[in-house]
Student: 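I am attaching a structure below and will ask some questions about it afterwards.
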Amino acid sequence: MQFSYEVKDSYAEVKGSGRLNMVAAPKLREVVAEVVAAGSSKVVVNLEETVFMDSSGLGALIGCLKAARQAGGDLRISGVQPQVRMVLELTNMDRVLTSYPTAEAAFSDD
Amino acid sequence: MTEMVARRGYRGESVPEAIEAVHTELDSLWEDADFVPEMDRMTFTTAVIEAASNIVQHAEPVAEAPVELGVDISVWSTRLVARVTAFNAKEPFASPPETGLPDDDSESGRGLALIEALVTTVTFERQDATNTWILTRNSTSAA
C-alpha cells in the first residue's frame with residue numbers, strides 16, 4: 001500500500017492506495033504521526049483508493065484518530081469504498097470514524 | 001455442495017508479507033469463479049484475511065521450527081470454504097476467546113467478531129501441533 005500526504009490550508013490530507021492490512025497499518029500510523037508532529041492535527045484520511053481494510057487497518061485508524069485528538073485536532077475519513085464501509089458498519093466504528101464524501105468536505109463545516 | 005469449481009492454496013512462513021500473498025490468491029480465485037456475487041467475495045475475502053492475520057499476529061511455535069501459515073480456499077456450487085491453518089503452533093486458547101466487540105477506543109480485538117459476522121460457520125480443529133479454522137459461507141448464487 002502506498003501513502004502520500006499533502007498539507008492544505010486548514011487540514012492535512014493523507015491518501016492511501018491499496019490494501020490497509022497488517023502490513024500497511026504500521027505505515028499509516030507512521031505517516032499520520034509525522035503529519036501531526038509537523039503541526040497538522042486536523043487530518044483527513046482519503047480512502048478513495050483503499051480497496052480493502054481489515055481489523056488491523058481499522059485499529060491503525062483508531063490509533064491515528066486518538067493521536068490527532070490528543071494534539072487538539074481530529075481525524076476524519078473520506079471516499080470510503082464498499083468493503084471498508086462494511087467493516088466500519090459491522091464493528092460499529094462508523095459511529096466513531098466520521099465519513100465524508102470528499103476530503104474537501106471533511107473539515108468544511110469547522 | 002456437490003462440485004468444486006475453483007481452488008487456491010498457500011503455505012509459507014507465518015509473517016505479515018504472507019497476508020499479501022493470500023490476498024493475491026483470493027483475487028485470482030474470484031477470477032476463476034466469476035459467478036460468485038460481489039457481496040460473497042467481499043465478505044469471504046475479509047474473513048479469510050482476518051483468520052490468517054490472527055495466526056500471523058498470535059500463533060506461537062510449539063518447538064524450534066517456526067509457525068507456518070496454510071490457507072486452502074475452495075469454491076463449491078453454493079458454498080465457499082476456507083481452511084486456515086497454523087502449523088507447528090501451540091494451542092491458541094489459554095482462556096476462552098473473548099466474544100463481542102471491544103470499547104470504541106480499543107485498537108485491537110475486533111477480528112474474531114468480524115469473522116463471525118461474515119461467515120455462516122466457523123469451526124476450530126486441533127490435531128498434533130496444527131490448528132485449523134474452517135470458515136464456510138453459503139453463497140447466494142448457484143454456479
Side-chain angles (χ1 to χ4, degrees), chain A residues 1-3 16-30 32-33 36 45 47 49-71 74-77 80-99, chain B residues 10 12-27 30 37-59 69 71 82 84 97-119 135 137:
Chain A
M1 184 168 197
Q2 299 294 319
F3 292 103
S17 174
R19 300 167 183 151
L20 184 47
N21 56 19
M22 69 179 299
V23 179
K27 295 182 196 166
L28 175 64
R29 289 175 192 267
E30 280 174 27
V32 172
V36 171
V45 179
L47 298 171
E49 293 177 15
T50 299
V51 293
F52 180 88
M53 179 178 77
D54 63 12
S55 61
S56 311
L58 176 60
L61 275 179
I62 296 163
C64 293
L65 170 69
K66 290 195 284 192
R69 286 185 177 168
Q70 276 162 14
D74 201 6
L75 179 140
R76 296 171 188 179
I77 54 178
V80 173
Q81 299 301 302
Q83 189 275 347
V84 175
R85 184 170 304 283
M86 175 188 77
V87 169
L88 289 168
E89 289 176 355
L90 286 175
T91 54
N92 293 328
M93 293 311 288
D94 52 333
R95 295 175 296 107
V96 177
L97 286 158
T98 316
S99 169
Chain B
Y10 174 87
E13 198 178 341
S14 176
V15 292
E17 289 67 29
I19 299 304
E20 289 287 350
V22 171
H23 210 132
T24 301
E25 292 297 331
L26 280 158
D27 284 348
W30 303 134
E38 181 58 32
M39 175 59 79
D40 289 323
R41 298 180 196 199
M42 195 168 86
T43 51
F44 204 63
T45 295
T46 308
V48 171
I49 295 298
E50 284 294 340
S53 299
N54 187 56
I55 288 173
V56 172
Q57 282 173 318
H58 301 296
L69 170 70
V71 179
V84 184
E98 286 188 23
T99 53
L101 290 165
D103 293 343
D104 283 354
D105 61 353
S106 174
E107 294 174 33
S108 62
R110 294 182 179 82
L112 291 178
L114 248 187
I115 292 170
E116 286 182 353
L118 292 167
V119 298
L135 314 179
R137 179 176 170 91

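In what follows, every chain begins at residue 1, and chains take the letters A, B, ... in the order their sequences are listed. Bear in mind that the values here come from a model prediction, so they are computed numbers and not experimental data.
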Student: Determine yes or no for a side-chain-to-main-chain donor-acceptor pair under 3.5 angstrom, with Glu50(B) supplying the side chain and Ser55(A) the backbone.
Tutor: yes
Student: Scan for salt bridge (Lys or Arg N to Asp or Glu O under 4.0 Å) pairs involving residues 101-114 of chain B, sequence neighbours excluded, and state none if there are none.
Tutor: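 Sorted result for residues 101-114 of chain B: Arg29(A)-Glu107(B), Lys66(A)-Glu107(B), Arg95(A)-Asp104(B).
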Student: Can you find a pair of side-chain heavy atoms, one from Leu118(B) and one from Met86(A), that are under 4.5 Å apart?
Tutor: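 Yes, at least one pair of side-chain atoms sits under 4.5 Å.
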Student: Quick check for you: among Ser108(B), Gly109(B), Ser53(B), Ala117(B), which has the greatest number of heavy-atom pairs under 4.5 Å with chain A?
Tutor: Ser53(B)
Student: Could you have a look at Asn54(B), Val15(B), Leu114(B) and say which one has the most heavy-atom pairs with chain A under 4.5 angstrom?
Tutor: Leu114(B)
Student: Which residue pairs pass the side-chain hydrogen bond (donor to acceptor under 3.5 Å, both in side chains) test with at least one member in residues 82-91 of chain A, sequence neighbours excluded?
Tutor: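 Found Gln83(A)-Thr46(B).
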Student: At a 4.5 Å cut-off on heavy atoms, which part of Ser106(B) comes close to chain A: side chain, backbone, both, or neither?
Tutor: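 The answer is the backbone of Ser106(B).
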Student: Using non-hydrogen atoms and a 4.5 Å limit, figure out which bit of Asp54(A) sits close to chain B: side chain, backbone, both or neither.
Tutor: both
Student: Examine whether an atom of Leu58(A) lies under 4.5 Å from a heavy atom of chain B, and if so say whether it belongs to the side chain, the backbone or both; otherwise answer neither.
Tutor: side chain
Student: To the nearest 0.5 Å, what is the distance between CD (Glu20(B)) and CG (Asn21(A))?
Tutor: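 These two atoms lie 4.5 Å from each other.
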